[in-house]
Amino acid sequence: MMMWSQTEVMVFYVLVAMLAYKLWTVWHVARKSKANREGKLIFLGVISGLSLFAFGAKVYIGHMMGL
């Protein structure tokens with residue numbers, strides 16, 4: 001089992017908050033620009049996919065450094 005330090009836990013919470021804020025702002029801008037449904041979903045999918053990749057990379061690197 002991997003034990004995270006206080007700093008790593010704080011970085012994890014900040015990363016989750018950043019991800020939520022990013023997704024909300026992307027959705028808000030897409031809605032205000034009156035983009036059609038397909039455009040909103042494509043843009044939101046690209047942003048969320050890249051964000052989930054970064055989140056997974058952080059967890060993987062943290063795990064590998066803990067070994």
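Grouping the Ile, Leu, Val, Met, Phe, Trp and Tyr side chains by contacts below 4.5 angstrom, directly or via other members, places V59 with L15. Y21 and V29 fall into different hydrophobic clusters, where Ile, Leu, Val, Met, Phe, Trp and Tyr side chains are chained together by heavy-atom contacts under 4.5 Å. Y60 and V11 end up in different hydrophobic clusters when Ile, Leu, Val, Met, Phe, Trp and Tyr side chains are linked at under 4.5 Å. Cluster annotation: F12 is not connected to V14 through the hydrophobic network of ILVMFWY side chains, with a link wherever side-chain heavy atoms come within less than 4.5 Å.
Annotation: the span from T25 atom OG1 to K32 atom NZ amounts to 14.0 Å, rounded to 0.5 Å.
Through chains of ILVMFWY side-chain contacts below 4.5 Å, V46 is grouped with L50.
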